[in-house]
Peer 1: 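Here it is: the structure, laid out below.
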Amino acid sequence: MNNKVKHDFLWGSASAAYQCEGGWNEGGKGLSNWDQFCHSEKNKKGFTGDVAADFYHRYKEDIRMAAEGGQNTLRFSISWTRILPDQSGKVNEEGVNFYKDVLLECKKYGITPNVTLLHYDIPAWLEDMGGYRNPIFADEFAKYCKVVFEQFGELIPLYVTINEITHNAICSYLTGHYPPNIHSTQALCEVGYNMIMAHAKAVVEFRKFNFKNSQVGIVHTTNTVQILKDTPEYRIAQRRCDLFKNKWITDPVILGKFPDDLLPLLKESGIDTSFVKQEDLDLLATTHIDFLGQNCYTRTLARPYREEDGETNYYPNNVGAGQKRLEGYVVKNWFTSDHDLNNPMNAWGREEYPKTVYDMLMGIKKDYGDIPVYITENGCAMYEKVEEDGKIHDQRRIDFMKGYLDWLVKAENEGCNVKGYYAWSTTDCYSWINGYEKRYGLVYIDYESEDLKRIPKDSYYWFKDYIKEHTEGE
Ligand code: NOJ
């Protein structure tokens, strides 16, 4: 073991359009579901992404800082409504030019762009027609992707279709704290299915271009599922939790088919599965990704479901330190989250378990062989402020990242085909309904200052050194 990854490993950080761009009504951009939600009375906390990190105006500064921090890749997303502002399908040149400028700026520093086509923000007009729940969503998404492939072609070497189908669908249609704020297990299943089909149809469009220097993948929020007791009941709960959290995404996008035990279990749980169409399954069987993006924050511990656990739901903690509840899931008759209270938790009730990145990479190797994997997000949520010396001493984040990265390097050394790592996030940004208090950035943003001053945190410098020390020379 040499404790270093290969010389062409991608090291960088990640962000997403609605969370960092701002400029919500500039440059000919149309309204997204998040613009709509944040400007409605449903937005109880009042935070919006109207300005966010103002990447729309400050992208040059942010890309330069990333490059100076030793990063050779950046992950960001394209806002659908900046490219296609309305239902007419007319392309907004100003939006296209904005992203071309961003891509050129990356090129200037030798930064490889890893670009997501959909990171939670869909057009408001589509949301009004039922959004992800309407099967036309898949066709509309594929049309938009085709425009992006036409406009940017091989300027983008790594295309990601959709970010975190599971988390997006669960938050929007099960817990309902994200727009359109619906709470229904039937809707959750339909939405998940339509999103998978949207991904598959986008891959079909991508393949038509026959790019030589671009690849397509998806980003999944991975939760390796583990159990604290090894009994037959716990093992059943583990499998069901793995289906719910992972396999209904990773099997179809990599193997081209849903797991055999999924549909029977859904039917047994009272889900009307008539939305599953044979022609869709046939199409799915022909689409395969080139790489898998894994957002890796934590694992999920599962135990058998008990009657008193109640109805199916996901319990996030969106209050932070003021709320004692730990993050968790109940899926009726399938499994319930378990917790190992010996491990550290962040202020939002999420277990920090660095070895999960190793377990996950080994699991991918076992189930899917050598498919290239990028850790497309990993990061530490913190409340932070500028210290008296004008700096941000985020030692906790450094310890967190070191923990995960050491396990990643070990997995790579042991033969896992992991090709990149992205810290979430490039700068502090809008953290969905947690607003701006929950910070993840390598670079601090002083939201009080007029010019949204950027201050690199201690972790930014530490990451630069880690990259240098853990990458093989040419
Ligand atoms: C996953 C999501 O992709 C991103 O949008 C979010 O802000 C981070 N995780 C942190 O929770």
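First listed ligand is number 1; within each ligand, the first listed atom is number 1. The figures that follow rest on heavy atoms only: side chains count, while hydrogens, waters and symmetry mates do not.
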Peer 1: Only counting residues at least two apart or in another chain, list the ones meeting side chain to side chain contact (heavy atoms under 4.5 Å, CB included) with T336.
Peer 2: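 Counting only residues at least two positions away or on another chain, T336 forms a side chain to side chain contact (heavy atoms under 4.5 Å, CB included) with R303, Y305, D309, V330.
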
Peer 1: Are T250 and Y368 close enough that a side-chain donor and a side-chain acceptor fall under 3.5 Å?
Peer 2: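 Result is yes, a qualifying pair exists.
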
Peer 1: Mind checking what makes ring-ring contact (aromatic ring centres under 6.0 Å, His included) contact with Y404, not counting sequence neighbours?
Peer 2: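 Y404: ring-ring contact (aromatic ring centres under 6.0 Å, His included) contacts with F400.
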
Peer 1: For ligand 1, would you mind listing the residues that have at least one heavy atom less than 4.0 Å away, ordered by chain and number?
Peer 2: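 Shell around ligand 1 (4.0 Å, heavy atoms): Q19, H119, Y120, N163, E164, N295, Y297, E377, W424, W432, Y440.
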
Peer 1: Within 45° of the six-membered ring axis of Y383 and under 6.0 Å from that ring's centre, is NZ or CZ of R439 located there?
Peer 2: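 Not satisfied by the 6.0 Å and 45° rule.
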
Peer 1: Could you tell me whether R350 sits above the aromatic face of Y297, with NZ or CZ closer than 6.0 angstrom to the six-membered ring centre and within 45 degrees of the axis?
Peer 2: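 Judged by the rule, R350 and Y297 form a cation-pi pair.
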
Peer 1: Please enumerate all residues that pass ring-ring contact (aromatic ring centres under 6.0 Å, His included) together with W125, with sequence neighbours excluded.
Peer 2: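 Testing W125 for ring-ring contact (aromatic ring centres under 6.0 Å, His included), a comparison that skips the adjacent residues, returns none.
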
